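Just below is one structure, and these are the notes that go with it.
Keep in mind that what you see is a predicted model, and the values were worked out from it rather than measured.
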Amino acid sequence: MHDIKYIRENPNDFDATMARRGLDGMSAEILALDEDRRAVQTTLQELQAKRNEESQKVGEIKKAGGNASDVIRLVAEMKKDMAKLEDQERELAFAIKVRLSELPNILAGDVPDGAGEDENVEIRKWGEVKVPKGPDHAEIGEKLGMMDFETAAKMSGSRFTLLSGGLARMERAIAQFFLDIHTGEHGYTEVSAPLLVRDNALYGTGQLPKFAEDLFKCTTDHWLIPTSEVPLTNIVAEMIVDEEDLPRRYTAFTPCFRSEAGAAGKDTRGMLRQHQFYKVEMVSVTAPEDSEAEHERMTQCAEAVLQKLEIPFRTIVLCSGDTGFGARKTYDIEAWLPGQETYREISSVSNCWDFQARRMNARCRAKGEKQTRFVHTLNGSGVAVGRALIAVIENYHDPSDGGVWVPEVLKPYMGGVGKVVTSA
RNA sequence: GGAGGGAUGGCAGAGUGGUUGAAUGCACCGGUCUUGAAAACCGGCAUGGGUUUACGCCCAUCCAGGGUUCGAAUCCCUGUCCCUCCGCCA
């Protein structure tokens with residue numbers, strides 16, 4: 001959600017940032033509506049003032065024992081005009097809100113220009129690629145007899161996976177490991193949150209009203225969360241947080257559900273793009289002046305778990321055309337996948353600035369201050385569990401026996417097992 | 001699922017149709033007093049919006065959205081949340 005005042009004062013800047021995302025400038029249209037609305041509002045308020053004044057007279061006349069029917073008739077007449085103005089005001093306000101809530105966030109100044117993902121900019125690379133090329137996770141997993149797409153399809157259709165045995169356990173181990181690092185070393189508080197949420201929560205984080213088709217909706221008024229960013233960020237919705245209690249850092253391990261409506265035919269092999277996957281998410285809520293530093297910190301938190309897993313990765317900053325709706329700036333972390341001989345996204349870390357905070361009315365207040373400010377919210381995968389499993393399978397594959405070595409840091413979570421192999 | 005009760009300022013809590021944006025207490029801020037602090041006393045203390053060069057004036061807001069009325073925190077309808085009892089249930 002945008003601040004109409006900002007648009008009033010900086011219409012050209014506003015249009016320029018939208019243009020960087022490939023969107024037409026809308027400030028003129030919005031400001032015209034805004035001006036109309038204010039004109040209507042002023043007229044309406046004058047009438048309301050008059051009505052209040054006359055209505056009070058009725059009380060005074062009646063108290064004095066007089067006859068107030070003339071005044072009553074006068075005010076009753078006024079109400080027709082007022083109703084009309086009220087409708088106009090409502091319609092204009094709604095039209096403005098629709099436009100403001102469907103426009104993406106303003107970009108940070110240092111987001112590189114670009115039309116799409118090809119123009120994202122690599123900012124660092126970590127780790128030595130030891131397996132430049134190899135079988136992909138689907139082949140490895142199926143040969144192990146622990147990754148079954150047919151059985152999953154039998155009950156659920158495409159884009160679902162059934163893991164079993166060592167790989168099912170490894171998925172759980174990865175999640176546990178991530179959570180322990182974020183809670184134990186990075187200062188995040190573990191949260192177990194609802195997976196079903198209502199409209200207003202999704203509106204708050206920006207998935208609604210524009211991206212309903214990417215989500216699964218229940219027959220009740222609930223939606224399945226596409227990421228635990230939704231429940232974690234909505235913790236502070238409608239709250240005024242003491243600034244001394246910031247930053248607030250939350251992490252959760254949850255399934256995520258996505259319809260993948262726009263992804264037909266994309267990544268159809270394997271478990272890279274699924275309707276359901278597990279993810280460990282991080283969310284930070286900060287005071288406005290702290291979000292940029294927190295963004296860097298959070299990105300490092302995500303990188304840290306990959307480093308401990310010894311998965312080679314690179315970090316890129318998304319260009320203007322690829323940055324998501326709610327984000328002001330986004331870093332993607334991409335893990336090396338030998339099966340694809342390329343880096344693929346395993347984490348996305350975004351600073352949403354006050355964009356979500358405005359939508360969910362999440363504010364903070366410094367001690368002794370009266371004035372509240374919108375908090376800044378950030379979210380990042382820490383990291384996608386399903387994709388981390390893919391990365392481990394492919395980077396730790398042993399061609400000699402088809403098994404998968406267990407990364408050192410996961411061994412405690414795997415009961416000390418050193419390698420996942422087919423049980424003979 | 002059935003029956004009932006509730007939602008008021010940062011918190012607690014009055015207020016059932018007419019100067020109620022809202023008593024009172026606590027908290028908070030400023031001051032007096034004090035070596036300092038506490039206590040006591042005095043004063044201040046909601047938010048959003050419109051309008052104005054400005055002082056200010058005005059409008060809206062007592063969970064949310066509709067409605068009744070000349071006038072609504074107060075009456076009616078719908079929704080949300082919380083509580084109690086009954087039923088069901090991992």
Of all the heavy-atom pairs spanning A/Asp113 and A/Ser320, show the shortest one and how long it is.
->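 Minimum heavy-atom separation between A/Asp113 and A/Ser320: CA-OG, 3.5 Å.
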
Please determine if A/Arg359 forms a cation-pi arrangement with A/Tyr203, meaning its NZ or CZ atom is less than 6.0 Å from the six-membered ring centre and no more than 45° off the ring axis.
->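 Satisfied, under 6.0 Å and within 45°.
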
Starting from [atom2] on [N], measure out to [atom1] on [X] and report it in whole angstrom.
X	N	atom1	atom2	value
A/Glu53	B/C70	CD	P	18 Å
A/Ile96	B/G50	CD1	P	11 Å
A/Leu85	B/C59	CG	C1'	13 Å
A/Arg37	B/G49	CZ	P	10 Å
A/Arg365	B/G9	CZ	P	13 Å
A/Lys80	B/C70	NZ	P	12 Å
A/Arg373	B/G48	CZ	C1'	19 Å
A/Leu74	B/G71	CG	P	12 Å

Which part of the nucleic acid, if any, lies within contact of [X], taking any heavy atom under 4.0 Å across all strands shown: a base, the sugar-phosphate backbone alone, or nothing?
X	answer
A/Arg8	sugar-phosphate
A/Gln56	nothing
A/Val71	nothing
A/Lys5	sugar-phosphate
A/Glu54	nothing
A/Lys57	nothing
A/Arg73	nothing

Under 4.0 Å between a side-chain N/O of [X] and OP1 or OP2 of [N], yes or no?
X	N	answer
A/Arg90	B/A60	no
A/Asn52	B/G71	no
A/Arg51	B/A60	yes

Can you check whether A/Arg273's main-chain N or O pairs, donor with acceptor, with A/Arg258's side chain at less than 3.5 Å?
->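 Not at all, since once roles are kept as given, no pair shorter than 3.5 Å links the two residues.
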
Considering only atom P, compute the distance from B/A40 to B/G25 and round it to an integer number of Å.
->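 Straight-line distance between the two P atoms is 12 Å.
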
Tell me the partner of [N], counting only Watson-Crick (N1-N3 plus N6-O4 or O6-N4) or G-U wobble (N1-O2 and O6-N3) with both under 3.5 Å; none if nothing fits.
N	value
B/A90	none
B/A3	B/U84
B/C55	none
B/G10	B/C26
B/U35	none
B/U47	B/A60
B/G18	B/C70

Residue whose nearest RNA chain B nucleotide is more 5′ - A/Arg363 or A/Asp221 =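 So the residue in question is A/Arg363.
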
Does A/Thr227 reach the side chain of A/Glu281, with side-chain heavy atoms less than 4.5 Å apart?
->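 A/Thr227 vs A/Glu281: side chains touch.
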
Flag the pair A/Arg8 and A/Asp3 as a salt bridge only when some basic side-chain nitrogen lies within less than 4.0 angstrom of an acidic carboxylate oxygen.
->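 A/Asp3 and A/Arg8: not salt-bridged.
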
Say whether A/Trp223 and A/Asp199, considering side chains only, have a donor N or O and an acceptor N or O under 3.5 Å apart.
->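 A/Trp223 vs A/Asp199: donor-acceptor pair found between side chains.
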
Do A/Asp214 and A/Ser259 have side-chain atoms, one donor and one acceptor, less than 3.5 Å apart?
->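 Not at all, the side chains of A/Asp214 and A/Ser259 share no donor-acceptor pair under 3.5 Å.
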
